[in-house]
Asker: 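Take this structure, written in structure tokens, and hold onto it; I'll ask about it next.
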There are 2 protein chains.
Amino acid sequence: MTHQRQVLYEAMQKMHGHPSPEDVYLRVRRRIPSISLATVYKNIHLFIESGILREVSLHHGSLRVEMNAHAHHHLICVVCKSITDIDEAVLPLAAKPKHLPGGFRAERYAVDVLGRCQACQKEESAQKAS
Amino acid sequence: MTHQRQVLYEAMQKMHGHPSPEDVYLRVRRRIPSISLATVYKNIHLFIESGILREVSLHHGSLRVEMNAHAHHHLICVVCKSITDIDEAVLPLAAKPKHLPGGFRAERYAVDVLGRCQACQKEESAQKAS
DNA sequence: TATTGAACGATAATAATTATTGTTTGTCAA
DNA sequence: TTGACAAACAATAATTATTATCGTTCAATA
Ligand SMILES: [Mn+2]
Ligand SMILES: [Mn+2]
Ligand SMILES: [Zn+2]
Ligand SMILES: [Zn+2]
């Protein structure tokens with residue numbers, strides 16, 4: 001736990017919502033003006049990997065187009081980032097209100113199941129054995 | 001409907017899963033070797049805006065860190081891309097199975113409600129009136 | 001047939017992120 | 001104490017994904 005890491009953590013604890021690395025950088029520079037953006041990225045990743053923080057959505061690097069027209073949800077592997085379709089009937093929502101708090105009007109409900117695909121589970125148990 | 005747009009559309013109809021613009025580019029080059037990647041991007045956006053296709057995830061822009069430790073879901077405005085937290089209790093899932101088809105092991109369930117925030121609804125109704 | 005505007009291809013520019021490199025700093029053992 | 005060592009750092013180059021610019025093509029139409 002270095003000084004930069006400590007100050008980064010404390011600064012982030014005071015932030016709300018869903019800040020970007022740039023947001024965090026701008027804020028922590030008030031405490032450590034010499035800090036590098038690369039250090040911010042490295043430590044955010046470290047916090048995420050260690051489970052202290054989580055990212056809002058697993059972004060797959062590039063835009064992905066949905067080619068499955070049926071109503072479905074997604075199984076997303078947090079290790080290999082693979083995206084698998086799963087029928088909507090398997091994961092029913094208790095309700096799908098059209099009107100939500102704050103005047104938000106719902107048009108579509110998407111469920112992401114985050115976890116580990118079979119291949120990555122096997123990979124990990126094989127590594128643990130060695 | 002230009003030739004490139006037509007061929008792009010037909011090529012994409014034959015694709016499955018969640019292709020990236022690069023995937024689409026590589027495939028459509030077999031039909032039109034001179035096509036530009038920029039044309040692929042422009043037409044994919046056109047298809048998405050017109051509602052013919054949809055993108056898998058709206059927030060693939062930059063990494064966002066989740067600072068709300070409570071169990072909650074998200075309201076995502078498709079117009080301004082704002083992300084608002086909503087308590088998990090408001091959107092209960094009928095079940096959260098740990099084991100899913102294909103040997104996938106679920107660790108967390110995230111519900112994204114896609115729609116329009118109040119501000120963007122007002123913006124749009126004001127535009128329609130003018 | 002001449003005009004013209006949308007779309008195109010090439011490519012420059014931008015934004016987000018990651019990799020590289022040389023330097024600093026704390027830890028530990030001679 | 002001092003010197004070796006490794007982790008982390010700042011600076012910055014490089015990479016990746018995407019968008020903007022610009023000169024050109026081409027089909028519809030005046
Ligand atoms: Mn899908
Ligand atoms: Mn949130
Ligand atoms: Zn996996
Ligand atoms: Zn909005």
Side-chain angles (χ1 to χ4, degrees), chain A residues 1-12 15 17-50 52-67 76 78-83, chain B residues 1-12 15 17-50 52-67 76 78-83:
Chain A
M1 182 60 81
T2 64
H3 177 60
Q4 281 86 347
R5 188 164 302 159
Q6 182 75 43
V7 173
L8 260 169
Y9 181 75
E10 287 168 7
M12 292 181 77
M15 299 181 80
H18 311 98
S20 68
E22 192 72 27
D23 294 333
V24 175
Y25 177 55
L26 291 175
R27 169 134 191 176
V28 83
R29 280 220 292 190
R30 306 204 302 238
R31 295 284 179 121
I32 310 178
S34 66
I35 201 167
S36 164
L37 179 58
T39 300
V40 174
Y41 268 99
K42 276 182 286 195
N43 280 293
I44 287 177
H45 285 147
L46 215 145
F47 294 148
I48 290 171
E49 281 157 31
S50 72
I52 295 170
L53 293 179
R54 76 175 29 142
E55 48 189 317
V56 172
S57 163
L58 295 195
H59 54 105
H60 310 97
S62 73
L63 170 71
R64 298 307 184 88
V65 184
E66 179 59 74
M67 299 313 302
I76 300 175
V78 297
V79 178
C80 69
K81 319 262 180 175
S82 65
I83 310 173
Chain B
M1 182 60 81
T2 65
H3 177 60
Q4 281 86 346
R5 188 164 302 160
Q6 182 76 40
V7 174
L8 261 168
Y9 182 75
E10 287 168 8
M12 291 181 78
M15 299 181 81
H18 312 98
S20 67
E22 192 73 27
D23 294 334
V24 175
Y25 177 54
L26 291 175
R27 168 134 192 174
V28 83
R29 281 221 291 189
R30 307 203 302 237
R31 297 283 179 122
I32 309 178
S34 66
I35 200 167
S36 165
L37 179 59
T39 300
V40 174
Y41 269 99
K42 278 182 284 197
N43 279 293
I44 287 177
H45 285 146
L46 215 145
F47 294 148
I48 290 170
E49 282 158 29
S50 72
I52 295 171
L53 293 179
R54 76 175 30 143
E55 51 188 314
V56 172
S57 165
L58 289 192
H59 29 77
H60 58 271
S62 77
L63 170 69
R64 297 306 184 90
V65 184
E66 178 59 72
M67 299 314 301
I76 299 174
V78 299
V79 178
C80 69
K81 318 266 180 177
S82 65
I83 308 173

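Every chain is numbered from 1 and lettered A, B, ... according to where its sequence line falls, protein lines coming before strand lines. None of these values were measured; they are calculated from a predicted model.
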Asker: Given atom CG of B:Leu37 and atom C1' of D:dT21, what is their separation to the nearest angstrom?
Answerer: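 My rounded result for the distance is 16 Å.
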Asker: Could you tell me the separation between the CZ atom of A:Arg5 and the P atom of C:dT25, rounded to a whole number of Å?
Answerer: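 The distance from CZ of A:Arg5 to P of C:dT25 comes to 16 Å, rounded to the nearest Å.
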Asker: Would you say A:Ser62 places a side-chain N or O within less than 4.0 Å of OP1 or OP2 belonging to D:dT16?
Answerer: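 No, no such contact exists.
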Asker: Quick one: does B:Thr39's side chain have a donor or acceptor within less than 3.5 Å of a partner on B:Ile35's backbone?
Answerer: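 Side chain of B:Thr39 to backbone of B:Ile35, a donor-acceptor pair under 3.5 Å: no, none is there.
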Asker: Can you tell me which nucleotide in C:dG9, D:dA8, C:dA19 comes closest to the side chain of A:Ala38?
Answerer: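 The listed nucleotide nearest to A:Ala38's side chain is C:dA19.
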Asker: Looking at every strand, decide which applies to B:Ser34 at a 4.0 Å heavy-atom threshold: base, sugar-phosphate, or nothing.
Answerer: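 It contacts sugar-phosphate atoms only.
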Asker: Take the protein atom CD of B:Gln6 and the nucleotide atom C1' of C:dA6, then report the distance between them rounded to whole Å.
Answerer: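 My rounded result for the distance is 17 Å.
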Asker: Looking at every strand, decide which applies to B:His45 at a 4.0 Å heavy-atom threshold: base, sugar-phosphate, or nothing.
Answerer: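 Sugar-phosphate contact only.
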Asker: Would you say D:dA27 has OP1 or OP2 under 4.0 Å from some side-chain N or O of B:Thr2?
Answerer: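 Looking at the OP1 and OP2 atoms of D:dA27, neither is under 4.0 Å from any side-chain N or O of B:Thr2.
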Asker: Can you check the A:Lys81 NZ to C:dT17 P distance for me, whole Å?
Answerer: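 The distance from NZ of A:Lys81 to P of C:dT17 comes to 12 Å, rounded to the nearest Å.
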Asker: Among C:dG9, D:dA10, C:dT17, which nucleotide has an atom closest to any side-chain atom of A:Ile35?
Answerer: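 Of the candidates, D:dA10 comes closest.
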Asker: Starting from C1' on C:dA15, measure out to CZ on B:Arg64 and report it in whole angstrom.
Answerer: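 Taking atom C1' of C:dA15 as the reference, CZ of B:Arg64 is at 13 Å.
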Asker: Quickly work out the A:His60 NE2 to D:dT18 P distance and round it to whole Å.
Answerer: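 Rounding to the nearest Å, NE2 of A:His60 and P of D:dT18 are 13 Å apart.
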Asker: Rounding to an integer number of Å, can you tell me how far A:Asp23 CG sits from C:dA15 P?
Answerer: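 Those two atoms, CG and P, are 15 Å apart.
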Asker: Any idea which heavy atoms bring A:Lys81 and A:His60 closest together, and the distance?
Answerer: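 Looks like O-CD2, 3.5 Å.
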Asker: What pairs with B:Phe47 under ring pair (Phe, Tyr, Trp, His ring centres under 6.0 Å), at least two apart in sequence or on another chain?
Answerer: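 B:Phe47 satisfies ring pair (Phe, Tyr, Trp, His ring centres under 6.0 Å) with B:Tyr9 only.
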Asker: Think B:Ser36 has a side-chain N or O under 4.0 angstrom from the OP1 or OP2 of C:dA10?
Answerer: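 Negative; the distance criterion is not met.
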Asker: After noting the C-alpha distance and the side-chain angles of B:Asn43 and B:Thr2, does the key distance pass the side-chain contact (heavy atoms from CB on, under 4.5 Å) rule?
Answerer: CA-CA 10 Å; B:Asn43 279 293; B:Thr2 65; 5.5 Å; no
Asker: Between B:Val40 and A:Glu22, which residue's closest nucleotide on DNA chain C lies nearer the 5′ terminus?
Answerer: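 On the 5' side of the pair lies B:Val40.
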Asker: Is the phosphate of C:dC8 approached by B:Asn43 (side-chain N or O, under 4.0 Å from OP1 or OP2)?
Answerer: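 Checking B:Asn43 against C:dC8: at least one side-chain N or O falls below 4.0 Å of OP1 or OP2.
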Asker: Using heavy-atom distances to pick each residue's nearest nucleotide on DNA chain C, tell me which of B:Ile32 and A:Ser20 is more 5'.
Answerer: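 The 5'-side residue here is B:Ile32.
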Asker: Using modelled atom types only, decide if a donor and an acceptor are shared between the side chain of B:Arg64 and the backbone of A:His18 within a distance under 3.5 Å.
Answerer: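 Looks like yes, one N/O pair under 3.5 Å.
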Asker: Grab the CE-P distance between B:Met1 and D:dA28 for me, whole Å please.
Answerer: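 Between P of D:dA28 and CE of B:Met1: 14 Å.
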Asker: Which is true for A:Gln4 with a 4.0 Å heavy-atom rule: it touches a base, it touches only sugar-phosphate, or it touches nothing?
Answerer: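 Sugar-phosphate, backbone atoms only, no base.
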Asker: Among the nucleotides D:dT19, C:dG9, C:dT18, which one has an atom lying closest to any side-chain atom of A:Tyr41?
Answerer: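 My answer, after comparing the listed nucleotides, is C:dT18.
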